[in-house]
There are 2 protein chains.
Amino acid sequence: MTDDDRVFKALADPSRRFLLDLLFARDGRTLTELESALAMTRFGVAKHLRVLEEAGLVVTRRSGREKLHFLNPVPIRQIHDRWIDKYTEHQITTLIDLKHTLEEES
Amino acid sequence: MTDDDRVFKALADPSRRFLLDLLFARDGRTLTELESALAMTRFGVAKHLRVLEEAGLVVTRRSGREKLHFLNPVPIRQIHDRWIDKYTEHQITTLIDLKHTLEEES
DNA sequence: TTGACAGGTGACCTATTAGTCACATAACTT
DNA sequence: AAGTTATGTGACTAATAGGTCACCTGTCAA
């Protein structure tokens with residue numbers, strides 16, 4: 001399994017994306033804290049976090065008996081750079097900003 | 001199935017990512033042209049293109065009996081914006097540029 | 001040191017998915 | 001009209017992934 005394969009497989013599951021959302025909002029959470037936010041057993045959450053960690057989307061640090069989880073944005077940025085060149089990036093950003101503006105006005 | 005679910009599921013397969021790579025290099029290709037680049041039957045490729053189209057990653061236009069395929073970068077940019085804020089984006093871009101520079105020197 | 005707390009492992013069942021095939025439709029060419 | 005080219009559909013099989021459970025290791029506190 002290649003590196004980017006691991007990243008995309010990891011992102012394919014909605015529970016794992018939700019975990020990334022939680023860590024994007026606030027870093028450094030423990031398994032137990034993350035578990036309480038999902039309707040799933042601790043084992044399920046641990047399994048998902050392991051997949052995210054092996055993909056490099058989450059990095060961890062041990063502190064005593066706790067394991068702290070942090071979001072790593074590098075793989076996300078690499079996905080972006082794979083299919084969006086500098087020229088298109090500017091156009092697309094403008095387009096999305098315009099979309100947001102129109103949605104707020106309606 | 002939600003919209004973003006379709007996008008991430010679509011990106012989870014290496015053949016589909018390769019199809020996006022082909023379209024990123026050059027847009028407006030037909031099924032038959034794309035098929036010749038993969039070690040897979042036409043049916044398999046057609047199925048993958050359908051998944052990409054339903055996810056909005058590929059948009060199509062008919063021209064006679066041919067169906068032309070184009071890459072749509074919008075969903076990719078939205079993945080980026082979901083987990084990378086403006087502040088982090090600048091840091092991470094600098095970091096990745098530095099990484100490329102170091103790799104070229106070695 | 002005893003109990004409670006935080007996390008890890010391997011097996012198991014179920015549901016989903018990738019890829020192929022036989023068959024069908026539609027458009028271009030001569 | 002007839003043959004060729006480009007694409008679409010539904011069923012089928014084998015492989016993979018999500019979630020749970022019983023059980024285990026390591027850390028903290030009194």
Side-chain angles (χ1 to χ4, degrees), chain A residues 1-23 26-71 75, chain B residues 1-23 26-71 75:
Chain A
M1 171 123 55
T2 63
D3 273 6
D4 69 291
D5 216 31
R6 262 184 286 272
V7 172
F8 287 105
K9 284 263 168 63
L11 290 173
D13 183 87
S15 299
R16 287 196 285 266
R17 292 197 297 275
F18 183 61
L19 285 170
L20 293 181
D21 289 338
L22 291 174
L23 293 178
R26 181 167 51 79
D27 260 332
R29 308 206 204 199
T30 64
L31 167 60
T32 308
E33 184 180 355
L34 291 167
E35 172 209 337
S36 67
L38 294 229
M40 194 186 300
T41 62
R42 178 172 59 83
F43 311 99
V45 178
K47 213 170 190 177
H48 284 309
L49 286 172
R50 185 160 175 266
V51 173
L52 288 169
E53 190 173 356
E54 286 178 348
L57 286 161
V58 163
V59 292
T60 58
R61 180 163 56 82
R62 291 209 77 101
S63 167
R65 62 179 165 181
E66 292 183 331
K67 189 175 180 182
L68 307 180
H69 299 79
F70 300 86
L71 175 64
Chain B
M1 172 125 52
T2 61
D3 272 7
D4 70 291
D5 215 32
R6 262 184 285 271
V7 172
F8 287 105
K9 284 263 169 63
L11 291 173
D13 184 88
S15 298
R16 286 195 287 266
R17 291 196 298 275
F18 183 61
L19 285 169
L20 293 182
D21 289 339
L22 291 174
L23 293 179
R26 182 168 49 81
D27 260 332
R29 309 205 203 199
T30 65
L31 167 61
T32 307
E33 184 179 355
L34 291 167
E35 173 210 337
S36 66
L38 296 227
M40 194 187 299
T41 62
R42 179 174 57 82
F43 310 98
V45 178
K47 213 171 192 178
H48 284 308
L49 286 172
R50 185 161 174 266
V51 173
L52 288 169
E53 189 173 356
E54 286 177 349
L57 285 160
V58 163
V59 291
T60 58
R61 180 164 54 82
R62 291 211 76 103
S63 167
R65 62 179 165 181
E66 292 184 331
K67 190 175 180 183
L68 308 180
H69 299 78
F70 301 85
L71 175 63

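Atom set for the values below is all heavy atoms of this structure, side chains included, hydrogens, waters and symmetry mates excluded. Throughout, protein chains are lettered first and strands after them, A, B, ... in sequence-line order, and every chain is numbered starting at 1.
- We find the CZ-CG distance between A:Phe43 and A:Leu31 to be 10.0 Å, quoted to the nearest 0.5 Å.
- When the C1' atom of C:dG10 is taken as reference, atom CZ of A:Arg50 falls 11 Å away, rounded to whole Å.
- In this structure, A:Thr60 and A:Leu68 have side chains that are not in contact, with every pair of non-hydrogen atoms separated by 4.5 Å or more.
- A heavy atom closer than 4.0 Å to some atom of DNA chain D occurs in B:Thr30, B:Leu31, B:Thr32, these being the qualifying members of residues 28-41 of chain B.
- When all heavy atoms of B:Pro14 and A:Asp5 are compared, the closest pair comes out as CD-OD1, 3.9 Å.
- As judged by a 4.0 angstrom heavy-atom cut-off over every strand, B:Gly64 is placed among residues touching the sugar-phosphate backbone only.
- Rounded to a whole Å, the CG atom of B:Leu11 is 16 Å from the C1' atom of C:dT17.
- Between chain A and DNA chain D, the heavy-atom contact criterion of under 4.0 Å yields a 5' to 3' nucleotide range of D:dA17 to D:dC28.
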Every protein N/O lying under 3.5 Å from an N/O of nucleotides 22-26 of chain C:
none

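- Taking the nucleotide of DNA chain D with the nearest heavy atom to each of A:Val51 and B:Leu68, the more 5' of the two is matched to B:Leu68.
- Rounded to whole angstrom, the span from the CZ atom of B:Phe8 across to the P atom of C:dT17 amounts to 16 Å.
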Practice item. Please assess A:Glu33 against A:Arg26 for the test side chain to side chain contact (heavy atoms under 4.5 Å, CB included), listing each intermediate value before the final yes or no. Key: CA-CA 11 Å; A:Glu33 184 180 355; A:Arg26 181 167 51 79; 2.7 Å; yes

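- Under the salt bridge (charged side-chain N to carboxylate O under 4.0 Å, His left out) criterion, B:Arg62 pairs with no residue at all, not counting sequence neighbours.
- Rounded to an integer number of Å, the gap from NZ of A:Lys9 to C1' of C:dT16 is 13 Å.
- Residue A:Lys47 places none of its side-chain N or O atoms closer than 4.0 Å to OP1 or OP2 of C:dT9.
- The shortest side-chain heavy-atom distance between B:Leu11 and A:Leu11 does not fall under the 4.5 Å cut-off.
- For the pair B:Leu57 and B:Val7, the tightest heavy-atom approach, listed with the atom from each and the gap, is CD1-O, 4.0 Å.
- Residues B:Ala55 and B:Ala10 come closest through the heavy atom pair CB-CB, 3.8 Å.
- In this structure, A:Lys67 places its NZ atom 17 Å from C1' of C:dC5, rounding to the nearest Å.
- Atom NE2 of B:His69 sits about 12.0 Å away from atom CG of B:Leu22, to the nearest 0.5 Å.
- More than 12 heavy atoms of other residues, nucleotides or ligands lie within 6.0 Å of CG in A:Asp27, so this atom counts as buried by the packing criterion.
- Contacts between residues 13-21 of chain A and DNA chain C, defined by a heavy-atom separation below 4.0 Å, involve no residue at all.
- Smallest separation of non-hydrogen atoms from B:Glu53 and B:Lys67: OE1-NZ, 3.2 Å.
- Summary of helix geometry: the two end axes of the helix from C:dT1-D:dA30 to C:dT30-D:dA1, each defined by five base pairs via their C1' atoms, are inclined to each other by 30° (rounded to 10°).
- What separates NE2 of A:His69 from P of C:dA6 is a distance of 14 Å, to the nearest Å.
- For B:His48 and C:dT17, the shortest distance from a side-chain N or O to OP1 or OP2 is not below 4.0 Å.
- Side-chain atoms of B:Arg16 come within 3.5 Å of backbone N or O of B:Lys9 as a donor-acceptor pair.
- Here CE of B:Met40 is found 7.5 Å from CG of B:Leu19. Values are rounded to the nearest 0.5 Å.
- Smallest separation of non-hydrogen atoms from B:Pro75 and B:Gly56: CG-O, 3.6 Å.
- Remark: side-chain polar atoms of B:Arg42 are not paired, donor with acceptor, to backbone N or O of B:Glu35 under 3.5 angstrom.
- Of the possible polar contacts, none joining the A:Arg17 side chain to the B:Phe8 backbone as a donor-acceptor pair under 3.5 Å is found.
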